[in-house]
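Per chain, numbering begins at 1; letters A, B, ... match sequence-line order. Every value quoted in this text rests on a predicted model; they were computed, and no experiment measured them.
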There are 2 protein chains.
Amino acid sequence: MLRLRNAGYKITPPRRAVIEVVLREGEHLDPNEILQQAQAIYPHTGRATVYRTLELLTTLGIVRPIYVGEHGPTYIRAEGGHHHLVCSLCGAVTDFDQCVADSMERELEARFGFQIRSHLLEFYGYCARCRQTQPEIAAN
Amino acid sequence: MLRLRNAGYKITPPRRAVIEVVLREGEHLDPNEILQQAQAIYPHTGRATVYRTLELLTTLGIVRPIYVGEHGPTYIRAEGGHHHLVCSLCGAVTDFDQCVADSMERELEARFGFQIRSHLLEFYGYCARCRQTQPEIAAN
DNA sequence: TAATCAATTGAGAATTTGTCTCAATTGATC
DNA sequence: GATCAATTGAGACAAATTCTCAATTGATTA
Ligand SMILES: [Mn+2]
Ligand SMILES: [Mn+2]
Ligand SMILES: [Zn+2]
Ligand SMILES: [Zn+2]
């Protein structure tokens with residue numbers, strides 16, 4: 001909200017709604033779900049505006065699209081870090097906490113002149129359940 | 001290739017083509033680009049087959065979709081790790097080498113019964129160039 | 001508070017992506 | 001070389017995303 005205003009963008013009802021929805025804790029929502037939930041808050045919200053707002057928020061580093069599991073992109077808050085264990089078979093995503101990435105930020109910023117705002121650390125493999133049900137694949 | 005055969009799948013010309021294209025070093029290609037390049041190798045390659053092959057390769061943990069920059073999903077080889085610095089403004093992706101993620105694998109595997117095959121570590125923020133050209137946004 | 005105006009919006013059309021179907025083909029095994 | 005389930009591609013279909021443009025509105029100013 002403040003970030004938006006500071007960057008010179010207007011605060012409008014549909015933008016408020018989209019932001020509220022996407023920043024709700026623990027959500028990994030696709031654009032359609034975001035549209036639905038935003039309309040529950042501000043009924044007039046249009047589809048195009050949802051896409052436009054997601055793009056804007058991404059640009060401002062407030063949300064981030066992640067592509068995981070079978071289908072389309074999903075959006076999560078960018079702030080801080082996200083740490084996922086992703087199953088390549090069933091697409092299940094498990095969050096975990098402790099993360100060792102912050103220790104690298106300073107050096108990367110110095111080396112590349114990059115200003116880091118957040119990160120995403122994902123491990124890919126096979127979840128406990130898929131290892132049981134489909135050992136042939138997990139094995140090889 | 002061996003992974004495919006071991007998992008009981010046939011080795012076919014379009015599959016070969018898609019694999020060759022996606023595994024080419026440094027490529028982050030979307031399905032359409034993959035189709036184009038695969039057709040340069042094996043002209044008959046069809047769109048549906050590209051999608052089917054990408055899904056299969058993802059399932060086998062050979063490639064991984066990532067969602068970076070403005071538009072749709074992009075595919076990269078999964079093997080080992082990928083380490084990206086992603087600019088939220090211009091979408092530029094810079095690779096870097098040293099990574100501290102491997103040190104976490106053992107513990108996560110033990111804790112979640114998960115079999116880890118690879119990882120993706122991405123830092124988001126603003127690249128040196130965008131910090132210069134659009135200080136208003138990078139600032140706030 | 002009222003006027004101003006560039007930014008923003010939403011409906012629907014248009015386009016782009018991704019999925020499905022099914023008859024024809026083919027890789028692997030024998 | 002014969003066999004057969006797996007795979008393929010064309011094109012229909014469906015879903016996701018972007019575009020267009022007239023109408024509206026948030027923020028700033030008088
Ligand atoms: Mn998460
Ligand atoms: Mn890369
Ligand atoms: Zn699983
Ligand atoms: Zn940049």
Nearest 0.5 Å please: distance from the CG atom of B:D30 over to the CG atom of B:L35. 10.0 Å
What's the separation between atom CG in B:N6 and atom CZ in B:R3, rounded to the nearest 0.5 Å? 9.0 Å
Calculate the interatomic distance between [X] atom [atom1] and [N] atom [atom2]; express it in whole Å.
X	N	atom1	atom2	value
B:L35	C:dT19	CG	C1'	15 Å
B:L54	D:dT7	CG	P	15 Å
B:L2	C:dA28	CG	P	13 Å
A:N32	C:dG18	CG	P	16 Å
B:Y42	C:dT25	OH	P	12 Å
A:E33	D:dA15	CD	C1'	14 Å
B:Y67	C:dT17	OH	P	11 Å
A:R16	D:dA27	CZ	C1'	13 Å

So which one's nearest nucleotide on DNA chain D is more toward 5', B:P13 or A:Y51? B:P13
Quick check: on DNA chain D, is the nucleotide nearest B:Q39 upstream (toward 5') of the one nearest B:Y9, or the reverse? Name the residue that is more 5'. B:Y9
The side chain of [X] lies closest to which of these nucleotides: [options]?
X	options	result
B:K10	D:dT17, C:dG10, D:dA5	D:dA5
B:I11	D:dT7, C:dG10, C:dA28	C:dA28
A:P31	D:dT17, C:dA11, C:dT21	D:dT17
A:R15	C:dG18, C:dT9, C:dA6	C:dT9
B:R47	D:dG26, D:dA12, C:dG10	D:dA12
B:H44	C:dT8, D:dG9, C:dT26	D:dG9
A:T12	D:dA27, C:dG18, D:dG26	D:dG26

Do the non-hydrogen side-chain atoms of A:T58 and A:Y75 ever get within less than 4.5 Å of each other? yes
Within a 6.0 Å radius of atom [atom1] on [X], are there more than 12 heavy atoms belonging to other residues, nucleotides or ligands?
X	atom1	value
B:E33	CD	yes
A:Q36	CD	yes
A:R106	CZ	no

Passes side chain to side chain contact (heavy atoms under 4.5 Å, CB included), B:V18 versus B:L54? Steps please. CA-CA 8 Å; B:V18 169; B:L54 289 173; 4.2 Å; yes
Is the positively charged end of A:R64 above the ring of B:Y124, judged by distance under 6.0 angstrom from the centroid and angle within 45° of the axis? yes
Axis-to-axis angle across the helix from C:dT1-D:dA30 to C:dC30-D:dG1, five pairs each end, nearest 10 degrees, ~ 60°
Hey, which sits more toward the 5' end of DNA chain C by its nearest nucleotide, B:P73 or B:R52? B:P73
